[in-house]
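Numbers here are sequence positions counted from 1. Computation of the quantities below employed the complete heavy-atom set of this structure, encompassing side-chain atoms and omitting hydrogens, waters and symmetry-equivalent molecules.
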Amino acid sequence: MSRLDTLSHLDRLWLTEAIRLREEHAGPLEDAEANRRANAAGGDLPQRIQARALWLAERDGQYPALQRWRQGARLAGLLLAALAIISGTGLALAALGDGQRPVNLFWALGSLLGLHLLTLLGWALSFGLGGSASLLGRLWLWASGKLARDARAAHLAPALLLLLQRHGLTRWGLGALVHGAWLLALGSALVMLLLLLSTRRYGFVWETTLLDSDTFVVLTQALGALPGLLGFSLPDIETIRASSSALADDGARQAWSGWLLGVTFTYGLLPRLLLGLLCLGRWLHGRARLALDLGLPGYNLLRERLQPPSERLGVCDAAADAPMEPTPHAFNGRSEGALLVAIELDDRRPWPPALPKGVGDAGVLDSREQRQRLLGQLSRFPAERLAVACDPRRSPDRGTLALIGELARSAGEIRIWLLPAPPGEALDSHRLEDWQQALARLGLPFSQGAPMNWLESGHD
């Protein structure tokens with residue numbers, strides 16, 4: 001199983017979109033072999049586009065870049081979680097202080113919930129106006145790319161955002177991240193509040209210059225109504241009025257502690273929990289329905305190459321038997337066993353040699369059409385053993401070496417046969433050495449002896 005087969009549905013679409021963006025900015029990629037493999041795999045147009053893109057991503061390094069981007073995203077998420085926990089702990093410490101002075105109730109409440117309520121309001125306004133991400137979400141995306149440290153990952157973050165925005169998922173995915181971070185912050189703040197209130201003695205007061213005590217009574221009861229329904233203790237009216245100065249009564253301390261914990265939980269932790277679950281549910285539901293937008297120009301251009309009109313329309317009538325192409329060495333279509341093929345041989349060289357039983361002759365590849373035909377056949381029916389005959393009197397140019405590389409990927413085993421010089425001629429030792437060095441760099445076995453025994457039996 002290829003490692004690409006383990007990719008999730010989202011990752012496959014993500015890499016496909018990244019390849020589309022890359023081609024949009026840098027121009028079309030060399031994709032002849034990718035198209036052949038996609039067509040050989042079959043399926044509908046979106047499946048073929050994905051197969052092509054995944055092969056290109058593995059060849060050009062986008063797949064390992066995706067893995068590194070994911071690692072960077074996880075590290076950025078861990079840093080964000082650590083920052084949230086430290087911030088929540090700091091909020092609780094700042095709200096209650098060291099216990100040497102009475103805690104001003106509404107200053108403490110503002111310290112615990114002020115920033116949370118402002119950011120929650122900002123998120124709601126952005127969501128209502130069609131915004132896709134908060135500052136915290138954008139910060140996580142930026143940190144993920146920086147931690148990946150891979151130039152080949154340049155198109156990954158834009159591709160992910162475009163893919164998700166097209167299906168309206170960016171707000172839900174980043175919303176789940178942001179609410180999750182605030183959930184950690186407020187959760188750690190509540191835990192720290194519990195620890196501090198359990199291990200230190202705090203006095204609670206309210207102070208004002210302009211407002212009277214009735215205002216604080218109404219405000220305190222209004223804020224405590226919903227927490228009271230959830231079981232949190234609340235101070236009575238007398239206690240509220242008397243708390244204009246710190247009370248030494250343990251009952252009053254416990255009532256105010258319960259009120260502070262209840263208000264923090266009800267208006268802080270609980271909304272983030274509910275919104276986080278909502279965003280996560282919508283994210284999971286929408287992610288399962290992600291699909292390519294075939295109307296994009298980049299995908300439209302691939303339609304003719306990956307799904308020809310005859311294939312889209314279907315076969316209307318059975319095709320008549322086509323005459324054999326008048327070439328001296330036509331490929332016999334053998335799909336199993338061993339195969340011998342030659343590349344650009346001199347017409348004066350007799351070919352093919354005598355072949356053992358069970359070894360097929362794929363002819364001499366002289367034109368682009370012959371190469372494409374053979375590669376297309378091998379992509380559907382790979383040969384178990386393939387011997388490629390080359391004339392070392394010619395230079396090992398880049399095109400020939402690329403063709404040998406493609407043939408090697410279409411066979412179980414391959415050997416390169418460097419043909420001897422015709423009678424009366426001698427090989428150029430420097431050119432032969434060039435061939436040997438080039439094939440060694442490709443990691444392909446080669447020899448000057450005829451590989452007939454290997455073709456017939458699989459061993460020399």
Side-chain angles (χ1 to χ4, degrees), residues 2-70 73 130 132-133 138 141-142 144-145 148 150-174 286-313 368 372 375-376 379 402 406 409:
S2 169
R3 58 181 180 172
L4 291 175
D5 294 334
T6 62
L7 288 175
S8 67
H9 177 60
L10 173 60
D11 287 343
R12 296 172 70 88
L13 294 178
W14 184 1
L15 280 174
T16 303
E17 187 71 8
I19 292 296
R20 183 189 71 81
L21 283 183
R22 182 185 172 198
E23 290 187 300
E24 187 177 282
H25 289 94
L29 301 173
E30 173 55 46
D31 61 352
E33 185 173 356
N35 292 339
R36 280 196 302 273
R37 290 175 178 268
N39 286 329
D44 57 16
L45 182 59
Q47 291 173 323
R48 297 187 186 198
I49 291 176
Q50 289 180 50
R52 168 190 179 270
L54 295 180
W55 192 90
L56 291 173
E58 187 169 31
R59 183 195 70 181
D60 296 342
Q62 272 73 44
Y63 172 74
L66 173 64
Q67 301 301 104
R68 283 187 284 275
W69 197 95
R70 279 191 168 279
S132 59
R138 295 287 182 180
L141 285 173
W142 174 83
S144 299
D150 193 331
R152 292 170 295 186
H155 294 102
L156 288 176
L160 180 61
L161 285 175
L162 284 174
L163 177 65
L164 297 180
Q165 285 173 357
R166 201 173 295 132
H167 295 82
L169 283 180
T170 309
R171 60 174 65 184
W172 301 116
L174 292 180
R287 189 180 65 176
R289 303 177 64 182
L290 282 173
L292 294 178
D293 183 0
L294 298 181
L296 292 172
Y299 296 143
N300 259 328
L301 293 174
L302 296 175
R303 189 180 298 273
E304 294 298 324
R305 281 181 278 170
L306 297 180
Q307 198 174 43
S310 59
E311 188 172 323
R312 294 200 301 270
L313 295 175
R368 178 180 177 85
Q372 299 297 331
L375 287 169
S379 67
E406 291 189 62
R409 289 188 285 270

Check: Can you tell me how far the CG atom of Leu306 sits from the CG atom of Asn35, to the nearest 0.5 Å?
Finding: 5.0 Å
Margin query: Go through it in stages, so that I can follow the logic: the residues are Leu290 and Leu169, the test is side chain to side chain contact (heavy atoms under 4.5 Å, CB included), and I'd like the CA-CA distance, side-chain angles, deciding distance and then a yes or no.
Written below: CA-CA 9 Å; Leu290 282 173; Leu169 283 180; 3.8 Å; yes
Checklist line | Separation of Leu66 CG from Asp11 CG (nearest 0.5 Å) | finding: 5.0 Å
Item checked: Residue pairs passing the salt bridge (Lys or Arg N to Asp or Glu O under 4.0 Å) test where at least one lies in residues 287-299, sequence neighbours excluded -> none
Next item on the list: Show the numbers, then the answer: is there a side chain to side chain contact (heavy atoms under 4.5 Å, CB included) between Leu296 and Arg166?
Entry: CA-CA 11 Å; Leu296 292 172; Arg166 201 173 295 132; 3.7 Å; yes
Next item on the list: For residues Ala73 and Ser144, report the shortest heavy-atom separation together with the two atoms involved.
Entry: CA-OG, 3.3 Å
Note to self: So, taking the atom named CG in Leu54 and the one named CD1 in Ile49, what distance separates them when rounded to the nearest 0.5 Å?
What the structure shows: 11.5 Å
Check: For Glu23, what residues pass the salt bridge (Lys or Arg N to Asp or Glu O under 4.0 Å) criterion, not counting sequence neighbours?
Finding: Arg52
Next item on the list: Work out which heavy atom in Ala53 is nearest to a heavy atom in Ile19; give both atom names and the distance.
Entry: O-CG1, 3.7 Å
Next item on the list: Evaluate the side chain to side chain contact (heavy atoms under 4.5 Å, CB included) criterion for residues Tyr299 and Leu45: first the C-alpha distance (whole Å), next the side-chain angles of each, then the deciding distance (0.1 Å), finally the verdict.
Entry: CA-CA 9 Å; Tyr299 296 143; Leu45 182 59; over 6 Å; no
Next item on the list: Name all residues meeting the side-chain contact (heavy atoms from CB on, under 4.5 Å) criterion together with Ala32; count only those two or more places apart in sequence or in a different chain, and write none if there are none.
Entry: Glu30, Arg36
Margin query: Under the rule for side-chain contact (heavy atoms from CB on, under 4.5 Å), what residues qualify as partners of Ala157, not counting sequence neighbours?
Written below: Trp69
Next item on the list: Not counting sequence neighbours, which residues clear side-chain contact (heavy atoms from CB on, under 4.5 Å) with Arg368? List them please.
Entry: Gln372
Checklist line | For Glu24, all residues meeting side-chain contact (heavy atoms from CB on, under 4.5 Å), sequence neighbours excluded | finding: Arg20, Leu21
Note to self: Would you compute the distance between atom CH2 of Trp55 and atom CG of Asp31 and round it to the nearest 0.5 angstrom?
What the structure shows: 9.0 Å
Next item on the list: Check salt bridge (Lys or Arg N to Asp or Glu O under 4.0 Å) between Arg59 and all other residues, then give those that pass, not counting sequence neighbours.
Entry: none
Checklist line | Least distance between heavy atoms, Asp60 atom then Arg22 atom | finding: OD2-NH1, 2.9 Å
Check: Under the ring-ring contact (aromatic ring centres under 6.0 Å, His included) rule, what pairs show up with a residue in residues 16-38, not counting sequence neighbours?
Finding: His25-His155
Next item on the list: Mark yes or no for whether Gln47, through its side chain, and Asp44, through its backbone, hold a donor-acceptor pair below 3.5 Å.
Entry: yes
Notebook entry, point to check: If you measure from CG on Leu292 to CZ on Arg12, what distance do you get to the nearest 0.5 Å?
Noted result: 10.5 Å
Next item on the list: Grab the two heavy atoms, one from Ala291 and one from Leu163, that are nearest each other, plus how far apart they are.
Entry: O-CD1, 4.5 Å
Item checked: N/O donor-acceptor pair under 3.5 Å between Trp14 side chain and Leu156 backbone -> yes
Item checked: Glu33 side, atom CD; Leu56 side, atom CG - distance, nearest 0.5 Å -> 10.0 Å
